[in-house]
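In listed order, ligands and their atoms are each counted from 1. Side chains included, hydrogens not; waters and symmetry mates left out as well; all remaining heavy atoms used.
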Amino acid sequence: MLISSRCLLGKEVREKMFDEFYKLFRDVENGVNMISVFFPYIPIPANRRRDKARLKLIELLSGTVRSRKSSPSVEEDVLQRLIDSKYKDGRSTTETEVTGMIIALIFGGKHTSSLASTWTGACLLTHPKFLAAASQEQKEIMMKYKDKIEYDALLEMNTLHNCIKEALRLNPPTTMLVRKALKHFTVRTRQGQEYGIPKGHTLASPIIQNNYLPYIYKDPEVYDPDRFGPVRQEDIVGGKFSYTSFGGGRHFCSGDAYAYMQVKVIWSHLLNNFDLKLLSPYPKTDWSKLIPEPQGNMMVSYKRRQLLG
Ligand code: HEM
C-alpha cells in the first residue's frame, strides 16, 4: 500500500492522510466478499461500512484532484496522468471519473500484489533450490548496480521474475475470468467435441484450472519456475491463453508490469538483507475469500544481514 500510495495516489495522500486512507480502504476491501458479489447491497454491517468508507474516500480524493486541477505544478504520478488525460472528443476527465479510476486501480492492484508477494515467499522458502538461485541472482545484480535496486536492475531479475510468475500460476489471486457472449459462437475442445455458446450467455473461465492443465504444464502441481525459462517456455509453447493469472485478450491486466515491479522490489530487499525461514507449513488456500489467500498465519523467522539501500 505504501508503494501504491507513492506511485498511484500521489504525495498528498502519502504525506498527509495515509493512515486515514488506508483504514477507509480496508473497510472497502472487507465489504467485497463472496456474499456481496451476489447481493452487493444486502444490508449487512460489512456492506454498510464499505459504502460509508467509499463516500469518505471519494471526498478525500476529490479534494486532492480539485487542488491539483487548480494548481500550476505538475506531479509525476498516475493521479496526475489521469487528471491530464483527455477523451477522443477532447473532453477532460472529471473529478468523479479520476477518483473512481484511482479507487479501482488500488482495488485491482493492492490486494493482488500483496498476495503475490506472500505466495512468492511461501514458495521460495519451501523450495531451497529456487531460493538459492534467486539469492544468487540478487548477489550478482546488486554487485553490478552497486547495491541500488534501480529500475534497470529490476528488469534483469529474470530468475526472481519466474519465481513470482510460478507462485502466481499455482496461486492466482483472481480465480475467474467472466465474459458475456455478444454473439453466438462455437467452441471446439481438444477432443473434438463442439459446444454452442448462445448470445447473451455468461461464460466463466477458471484461472486455477487453466494454470494446471497437464498438457501445457509438466507436473502442474510442482513449483518449478524453470518451466518459464528460455529452454522450456511452457506457457509460450502452450499457446496464447496458457498463462492466465493476469487474464488474457482485450482485458489483460494493465498493471502486470507494475505488479511484478512491486513484488520484485519487496523480494529483492528481503533476499538481500535477511536470512528467512518459514516456521509454519506451506499454507493451504482460504477459498472463502473473493481473492483467495493463505489460510491462517504464515510464521517466518528472520535474521538481519548488513542492510543495503
Ligand atoms: C499480481 C498482481 C495482479 C494480478 C494477479 C492481476 C490480475 C488481473 C486479472 C486476472 C485481470 C483480468 C480480469 C478480467 O479479464 O476479467 C486484471 C485486469 C486488470 N488489472 Fe490486474 N492484476 C494484478 C495487479 C494489478 C495492478 C498492480 C494494477 C494497477 C495498478 C492492475 C490493474 C488492472 C486493471 C485496470 C485491469 C482491467 C483491464 C481491462 O479491463 O482492460 N492490476 N488483473
Side-chain angles (χ1 to χ4, degrees), residues 1-10 13-14 21-22 25 28-29 32 37 57 61 76-83 85 87 93 97-124 151 154 157 160-182 201-212 223 225 228 235 240-268 285-287 289-294:
M1 189 67 181
L2 269 171
I3 302 177
S4 298
S5 74
R6 170 68 188 85
C7 303
L8 300 176
L9 296 167
V13 169
R14 188 181 169 93
F21 192 94
Y22 184 67
F25 197 77
V28 174
E29 271 184 335
V32 182
V37 169
L57 276 179
L61 278 175
E76 276 286 322
D77 51 38
V78 174
L79 180 64
Q80 191 69 46
R81 288 288 166 98
L82 290 173
I83 291 172
S85 295
Y87 287 91
T93 48
E97 286 164 351
V98 172
T99 308
M101 280 190 277
I102 281 287
I103 293 178
L105 279 181
I106 301 272
F107 201 84
K110 185 233 156 202
H111 213 57
T112 45
S113 304
S114 65
L115 282 178
S117 303
T118 311
W119 283 118
T120 300
C123 292
L124 280 178
Y151 179 72
L154 291 166
M157 295 177 188
L160 182 55
H161 188 98
N162 289 343
C163 290
I164 299 166
K165 186 170 177 176
E166 177 69 338
L168 284 172
R169 180 184 70 83
L170 294 174
N171 308 284
T174 313
T175 45
M176 293 272 183
L177 299 172
V178 182
R179 296 290 183 273
K180 190 169 178 180
L182 295 180
H201 275 213
T202 300
L203 294 148
S205 170
I207 296 180
I208 191 86
Q209 281 190 6
N210 300 340
N211 284 359
Y212 279 70
Y223 180 73
F228 299 120
D235 56 328
K240 208 171 165 193
F241 296 111
S242 299
Y243 185 85
T244 51
S245 291
F246 289 97
R250 183 174 291 188
H251 291 282
F252 183 82
C253 176
S254 39
D256 72 317
Y258 177 66
Y260 274 115
M261 205 61 79
Q262 292 185 87
V263 183
K264 282 188 200 168
V265 168
I266 291 167
W267 273 100
S268 172
T285 306
D286 182 350
W287 293 108
K289 299 279 162 40
L290 185 63
I291 301 183
E293 58 189 40

Which ligand 1 atoms are under 4.0 Å away from a heavy-atom of [X]?
| X | value |
| --- | --- |
| Tyr258 | 27 (C), 30 (C) |
| Arg179 | 14 (C), 15 (O), 16 (O) |
| Pro173 | 5 (C) |
| Ala116 | 1 (C) |

Less than 3.5 Å between some nitrogen or oxygen of His251 and one of ligand 1, yes or no?
yes

Do any heavy atoms of Lys110 fall under 4.0 Å from ligand 1?
no

Would Lys110 count as a cation-pi partner of Phe25, with NZ or CZ less than 6.0 Å from the six-membered ring centre and within 45° of the ring normal?
no

Decide whether a cation-pi geometry holds between Arg169 and Tyr223; the criteria are a distance under 6.0 Å from NZ or CZ to the six-membered ring centre and an angle within 45° of the ring axis.
no

For atom 21 (Fe) of ligand 1, every protein N/O/S atom that sits closer than 2.8 Å, waters excluded
Cys253 SG

Hey, are the side chains of [X] and [Y] touching, using non-hydrogen atoms and a 4.5 Å cut-off?
| X | Y | answer |
| --- | --- | --- |
| Asp235 | Lys165 | yes |
| Ser268 | Met157 | yes |
| Glu293 | Thr118 | no |

Got a sec: does the OH of Tyr151 have more than 12 other heavy atoms crowding it under 6.0 Å?
no

Could you check [atom] against the protein and tell me its nearest heavy-atom contact, residue, atom and distance included?
| atom | answer |
| --- | --- |
| atom 13 (C) of ligand 1 | Leu177 CD2, 3.9 Å |
| atom 7 (C) of ligand 1 | Ser245 O, 3.5 Å |
| atom 29 (C) of ligand 1 | Leu105 CD2, 3.8 Å |

Which atom pair, heavy atoms only, marks the closest approach of [X] to [Y]?
| X | Y | answer |
| --- | --- | --- |
| Leu168 | Asn211 | O-ND2, 3.8 Å |
| Pro173 | Ile291 | O-CG2, 3.2 Å |
| Ala116 | Thr120 | O-OG1, 2.6 Å |
| Phe241 | Thr244 | O-CG2, 3.4 Å |

Below a 4.0 angstrom heavy-atom separation, can you tell me which part of Pro172, side chain or backbone, both or neither, approaches ligand 1?
neither

Could you work out, with ring pair (Phe, Tyr, Trp, His ring centres under 6.0 Å) as the rule, every residue matching Phe246, not counting sequence neighbours?
Tyr260

